[in-house]
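To keep things clear, I will list the structure first and then write my remarks on it.
In each ligand, atom 1 is the first atom listed, and ligand 1 is the first ligand listed. Residues: numbered from 1 along the sequence shown. Note that these values count all heavy atoms, side chains included, but never hydrogens, waters or copies made by symmetry.
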Amino acid sequence: MKQKTILTGIRPTGNIHLGHYFGAVKTWKKLQDQDTPFYLEIADVQALTDNFHQPEKVRKNVRELTIDALACGIDPKKTNIFIQSMIPEIAELTVFYSNLVTIARLYRNPTVKAEMKQKKELFGEDGEGITYGFLGYPVSQAADITAFHGTHVPCGDDQIPLLEQCREIVRKFNNIYGNTLVEPEAILSENTRIKGLDGNEKMGKSLGNAIFLSDDEETVTKKIMGAVTDPEKLKKDDPANPDICMVYYYHKLVNQDYVDTVCSECKRGARGCVACKKELIASMLAFLKPIQEKRNYYLEHLEEVDEILKEGTENARKLAKETVQTIKEKMQIHYFE
Ligand code: ATP
Ligand code: MG
């Protein structure tokens with residue numbers, strides 16, 4: 001029985017938003033307190049697959065994301081934070097695994113399909129401009145996980161098809177080269193998919209519908225004031241359906257003690273949308289305050305952030321090197337050692 005190891009990742013395509021916090025980071029915080037190795041990858045190579053034309057954006061967000069994660073309570077003494085591109089062994093594994101997956105299978109991956117559709121300006125109306133790198137990012141994700149013998153992957157439900165792809169690669173590898181790799185399992189949080197301000201099923205960094213943990217008061221106010229509510233409610237005293245209202249939805253996240261009142265008042269027309277939004281703004285700002293205070297500390301101590309990343313990357317690389325050595329032996333491509 002392999003020891004439990006947790007591996008998770010986040011793409012440096014923007015700051016951490018509420019979707020990440022409630023969908024993933026909260027679970028990471030719980031898991032880092034268990035006595036289990038925990039690796040958090042800042043997936044810059046994966047971020048480049050659909051941001052190859054904006055390298056400065058990816059670069060800037062590596063540090064930003066690390067600061068956000070630390071501000072949320074990710075503790076570098078318990079969680080090994082590392083930068084993907086600084087572990088070339090992951091790229092090596094990606095090349096090896098690319099023989100174990102068909103192009104047709106990658107095209108069928110529901111997450112790849114959904115993301116291709118969202119990125120029409122990059123990949124064309126019918127995906128005819130899709131790159132080899134983007135189509136293959138699930139393969140690189142399998143390399144991320146197996147490089148560290150990840151047995152458990154805490155993630156949102158958009159990652160499930162990618163994990164399934166990883167498990168298939170692991171099975172194929174083990175069938176051909178002998179039992180070597182472990183099939184990872186997902187750890188889903190209770191909030192597997194947090195919706196966006198626009199009512200979209202997913203709040204996403206790249207979707208323009210997110211509240212970021214770094215948003216200031218003015219931005220939070222503007223975003224919540226513009227959030228989607230029940231379109232049938234025209235006047236302040238009209239009864240409405242909270243289940244289709246994003247303001248109620250976020251009250252449930254940051255205002256748990258009060259949410260039943262919000263719900264019943266909304267249903268019987270005793271709650272105007274503007275007042276309801278103002279209450280949410282106040283709760284949201286209170287929720288963000290301690291996180292932003294910690295963010296400010298790290299923004300003033302960037303040398304600490306860089307040291308955390310450097311140390312985490314060095315540690316992670318040691319393990320990835322051992323894995324590649326084993327894999328090369330299994331694949332009979334170990335020479336002169
Ligand atoms: P991008 O649009 O650039 O892909 P993203 O917002 O999807 O950004 P990722 O870095 O791809 O963020 O995802 C990091 C982790 O956060 C993953 O485990 C993902 O499942 C989870 N996650 C992202 N968005 C949400 C959401 N809205 N609800 C729950 N979990 C989420
Ligand atoms: Mg994503």
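The shortest N/O to N/O separation between Gly23 and ligand 1 does not fall below 3.5 Å. Note: no N/O pair closer than 3.5 Å links Lys119 and ligand 1 by distance alone. Below 3.5 Å of separation, one finds an N or O of Gly156 facing an N or O of ligand 1.
The single protein non-hydrogen atom nearest to atom 11 (O) of ligand 1 is Arg11 CD, 3.5 Å, given as residue, atom name and distance. In terms of protein heavy-atom proximity, atom 9 (P) of ligand 1 is closest to Lys205 NZ, 3.6 Å. Taking atom 30 (N) of ligand 1 as the reference point, the nearest protein heavy-atom neighbour is Gly19 O, 3.5 Å. Of the protein's non-hydrogen atoms, His20 CD2, 3.9 Å is the one closest to atom 22 (N) of ligand 1. Ranking the protein heavy atoms by distance from atom 1 (P) of ligand 1 puts Ser206 OG, 3.5 Å first. Of the protein's non-hydrogen atoms, the one nearest atom 7 (O) of ligand 1 is Lys202 NZ, 2.5 Å. In terms of protein heavy-atom proximity, atom 19 (C) of ligand 1 is nearest to Asp158 OD1, 3.5 Å.
Only the side chain of His17 comes within 4.0 Å of ligand 1, counting heavy atoms alone; its backbone N, CA, C and O stay farther away. If you look at Ile194 next to ligand 1, the close heavy atoms, those under 4.0 Å, come from the backbone and the side chain alike. Both the backbone and the side chain of Met203 come within 4.0 Å of ligand 1, counting heavy atoms alone. With a 4.0 Å cut-off on non-hydrogen atoms, Thr13 touches ligand 1 through its side chain and not its backbone.
Side-chain contact, Gln32 with Asp75: no donor N or O sits under 3.5 Å from an acceptor N or O. Side-chain polar atoms of Asp230 and Asn241 form no donor-acceptor pair below 3.5 angstrom. Side chains of His149 and Thr323: a donor-acceptor N/O pair is present below 3.5 angstrom, by distance only. With 3.5 Å as the limit, one finds a donor-acceptor pair spanning the side chains of Tyr97 and Thr146.
The residue from Glu41, Gln141, Gln84 that alone fulfils the side chain to side chain donor-acceptor pair (under 3.5 Å) condition with Gln46 is Gln141.
Residue Gly9 places a heavy atom less than 4.0 Å from ligand 1.
Ligand-side atoms of ligand 1 in range of Gln159: 18 (O), 20 (O), range being under 4.0 angstrom from any heavy atom. Within ligand 1, the atoms closer than 4.0 Å to a non-hydrogen atom of Ile10 are 10 (O), 14 (C), numbered from 1 in the order shown. When each atom of ligand 1 is checked for a heavy atom of Gly204 under 4.0 Å away, the hits are 6 (O).
For the pair Ser189 (side chain) and Gly23 (backbone), a donor-acceptor distance under 3.5 Å is present.
Atoms CD1 and CD1, from Ile224 and Ile281 in turn, are 5.0 Å apart once rounded to the nearest 0.5 Å.
Salt bridge status for Asp33 with Lys78: present, with a side-chain N to carboxylate O gap under 4.0 Å.
Taking the six-membered ring where the residue is Trp, His301 and Tyr297 present parallel rings, their angle staying beneath 30° rather than reaching 60°.
Side-chain contact check for Val112 versus Gln165: every heavy-atom pair is 4.5 Å or farther apart.
Other members of the hydrophobic cluster containing Ile87, listed by chain and number, are Leu7, Tyr39, Phe82, Ile90, Ile145, Phe148, Val153, Leu163, Leu319; membership follows side-chain contacts under 4.5 Å among ILVMFWY residues, whether direct or relayed.
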